[in-house]
Amino acid sequence: MTELTRGVIGDITEGAHPDNPVLQILSMKKIPSGEQERYRLLVSDGQYSSSFAMLATQLNSKVQSNEISNNCIVKMVRYLCNTVQESKKVLIILDLEVLKSGSEVGHKIGEPVNYDPNKIRQELEPSRQMMSMAQPQASKQSGGVPQRNPLAQRNPPNYGSGSPSKTPNGGRVHCIAALSPYQNKWTVCARVTNKSAPRTWSNSRGEGKLFSVDLIDESGEIRATAFNEQMDKFYDLLEINKVYYISGATLKQANKQYSNLNNEYEMTFNRMTEITPCHDSTAIPMMQYSFVSLDQLDKVNKDSIVDVIGVCKDSMEVVNINTRTGRETKKRDIQIVDDSNREVRVTLWGVSAESFDGSQQPVIAIKGAKVSDYNGVSLSLVSSSSFQINPDISEAHKLKGWFDNGGNSIDTINLSNQRGGASGGVGTVFKTLGEAKLENLGGRAADQADYYSVSATVSFIRKDNCMYPACPGEGCNKKVLDLNNGLYRCEKCNREYDTFNWRLMLSVNLADITDQVWVTMFQDQAEIVLGSTAQELGTMKDNNKEAFDKVMMDAAFKTYNFKIRVKMETYNDESRLKSVVVGVTPTDPKEYARRLISEIKQLSGQA
DNA sequence: CCCCCCCC
């Protein structure tokens with residue numbers, strides 16, 4: 001039978017820090033606090049009950065998954081007790097193990113009395129007992145009366161693992177998790193885990209420069225930003241991996257769209273802010289992650305920021321990329337896999353891309369990757385992201401063990417199915433034409449393309465102007481002018497040729513059961529749909545109109561999987577969505593039926 | 001007070 005650590009709530013509020021105390025969670029309350037929800041818990045040690053406990057936000061998922069529920073018995077593996085508002089105690093549970101589920105226990109154990117530090121401890125009876133499932137022999141040795149854990153009081157009070165509890169001025173160190181805009185006198189002791197490059201901005205509200213850092217302590221994490229003068233003051237002082245006392249910054253609601261740090265607030269340094277290095281800091285953790293298992297990524301919204309960990313199964317070469325804004329940069333795609341048997345593509349940029357070495361198939365832990373819907377799901381690092389190679393954390397060791405013991409040869413599902421993964425075909429997410437219109441694909445921003453795949457039928461092909469004589473110059477393909485003297489002039493190459501190539505630029509209407517759309521198909525795709533080469537068609541067009549018309553006729557009412565790029569394009573101040581087919585394969589009826597079945601299962605909740 | 005973050 002699982003026993004509670006009787007009386008331990010009193011011990012903890014008095015400053016003790018026993019290892020692995022066992023409590024029962026009597027009830028939970030969601031605290032309304034902005035976007036980041038928090039749970040306050042009514043806990044019992046069998047003797048006392050108190051609602052002073054809060055769940056660290058990284059454990060919220062255990063409530064949502066019902067692993068933590070009313071009446072469950074938990075062992076507090078990591079916790080800390082802080083004083084807020086002069087004398088109020090708050091217990092923050094950083095990590096716990098559920099020993100017995102709420103449904104297994106089913107009721108409140110004993111008759112705990114509400115703990116009031118000023119009253120109850122004086123009336124305390126002497127036999128406070130430690131009983132735990134983990135130490136049955138301890139209770140036997142002491143003649144059936146379990147003793148308190150002898151290690152219980154060795155740790156210093158308040159901070160579990162010896163983090164500084166005093167500031168250099170002798171004040172108390174606050175924990176990051178307890179910071180809020182409603183508290184104005186505080187000092188935290190925090191490690192910098194990430195530091196951005198300096199950046200400037202200029203918009204209608206003004207211009208300036210800034211940089212930001214991610215700060216963590218044992219209780220939690222927070223982002224801090226320094227603008228203008230504060231950037232000049234603190235940029236060189238704050239170094240990654242070093243620890244600082246920080247006080248007097250502004251706290252405001254964090255915009256979760258741009259961060260996945262587990263904090264509903266973020267910090268802005270101001271002219272009152274003081275930052276001094278801390279040299280007594282071994283216990284401040286190095287990094288805090290909230291990993292999302294790869295099999296959960298398809299449930300995450302596009303553009304979300306997530307932490308992931310995986311084994312780098314495959315690493316592509318570095319390639320040069322020209323961005324839309326004309327800048328040149330480098331990228332490297334890697335493929336990471338985890339023990340949910342999923343793999344996903346991750347894109348690294350710039351220096352990270354160049355220096356990354358995937359040859360030893362390392363574990364990579366990524367903080368703050370951005371979720372993209374390209375080819376299903378893929379991830380991309382952004383400037384606020386960071387990653388660690390083979391970090392010394394349990395998740396990494398667990399994954400490496402899984403990978404080396406068979407995980408590396410498992411047939412995984414590739415969420416970024418560009419390499420012949422589970423769903424095959426032309427890649428990207430399948431939608432109906434109706435869905436593509438409804439989701440406003442391509443309409444989010446100028447010059448921003450969206451891709452989707454659709455199984456659709458060719459309903460009409462425009463014959464007029466469907467092909468043109470093109471420049472035979474290597475990779476040119478521009479339209480040439482027939483000089484009617486056997487020469488053809490290309491304006492782009494600024495020269496005449498004695499020959500030209502036929503190029504197709506086909507305007508095609510596609511239909512499925514939901515809608516229709518006009519798309520453009522260039523050479524390669526048009527040749528597949530027409531079943532003839534551009535050269536053959538060019539000859540027919542000039543010499544055998546009947547054969548040409550027959551090709552066009554025969555091409556209609558055939559069904560393909562089209563991969564379509566949608567983009568907003570503007571001509572003469574008029575914007576319209578333009579759809580270009582970038583891939584065509586015949587629809588395989590078996591694969592199509594399988595996809596429909598899987599969609600039906602998902603819609604009916606069976607998947 | 002930023003929040004752009006790239007390519008297929």
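Lettering of chains follows the sequences in order, A, B, ..., and the numbering in each one begins at 1.
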Just to be sure I understand the rule, does A/R223 reach a base, reach only the sugar-phosphate, or reach nothing, if contact means heavy atoms closer than 4.0 Å? base

Given atom CG of A/L348 and atom P of B/dC5, what is their separation to the nearest angstrom? 18 Å

Is any N or O donor-acceptor pair between the side chain of A/R205 and the base of B/dC1 shorter than 3.5 Å? no

Distance to the ring centre below 6.0 angstrom and angle to the axis at most 45 degrees; does that hold for A/R595 and A/F430? yes

Without decimals, in angstroms, what is the distance between A/N322 CG and B/dC8 P? 9 Å

Applying a 4.0 Å non-hydrogen cut-off, can you work out what A/K252 is touching in the nucleic acid: base, sugar-phosphate, or nothing? base

d(CZ, A/R327; P, B/dC5) in whole Å: 10 Å

A/Y258 ring centre to A/K370 NZ or CZ under 6.0 Å, with the angle to the axis within 45°? no

Without decimals, in angstroms, what is the distance between A/R271 CZ and B/dC1 C1'? 13 Å

Side-chain atoms of A/Y374 come closest, of B/dC2, B/dC8, B/dC6, to B/dC8

Just checking A/W201 against A/F227, ring centres under 6.0 Å apart? yes

Distance criterion of 3.5 Å, no angle test: do you see the side chain of A/R345 paired donor-to-acceptor with the base of B/dC8? yes

Taking 5.5 Å and 30° as the limits, would you call A/W349 and the base of B/dC5 a stacked pair? no

Base of B/dC2, side chain of A/S212 - is there a donor-acceptor contact under 3.5 Å? no

A/T329 has its side chain closest, among B/dC6, B/dC8, B/dC1, to B/dC6

Under 3.5 Å donor-acceptor pair, A/E266 side-chain atoms to B/dC3 base atoms: yes

B/dC6 base to A/E328 side chain: any donor-acceptor pair below 3.5 Å? no

Between A/T250 and A/N270, does a side chain to side chain donor-acceptor pair (under 3.5 Å) hold up when you go through it step by step? CA-CA 7 Å; A/T250 309; A/N270 58 48; 2.8 Å; yes

Atom-pair distance (CG on A/N203; P on B/dC2), nearest Å: 5 Å

Could you tell me whether the side chain of A/K331 has a donor or acceptor atom within less than 3.5 Å of a complementary atom in the base of B/dC6? no

Please tell me which of the listed nucleotides, B/dC8, B/dC7, B/dC4, lies nearest to the side chain of A/I321? B/dC7

In whole angstroms, the gap separating P of B/dC5 from CZ of A/R199 amounts to 11 Å

Would you say a side-chain N or O of A/S259 is under 4.0 Å from OP1 or OP2 of B/dC3? no

Would you kindly give the NZ-to-C1' distance between A/K370 and B/dC7, to the nearest whole Å? 14 Å

Taking atom types as they are modelled, is there a donor-acceptor pair under 3.5 Å from the base of B/dC6 to the side chain of A/T323? no

Within the structure provided, determine whether A/M316 and A/R345 are in side-chain contact (heavy-atom separation under 4.5 Å). no

Which whole-number value in Å describes the distance from A/Y258 OH to B/dC1 P? 11 Å

Is the charged tip of A/R462 near the ring of A/W518: under 6.0 Å from the six-membered ring centre and within 45° of its axis? yes

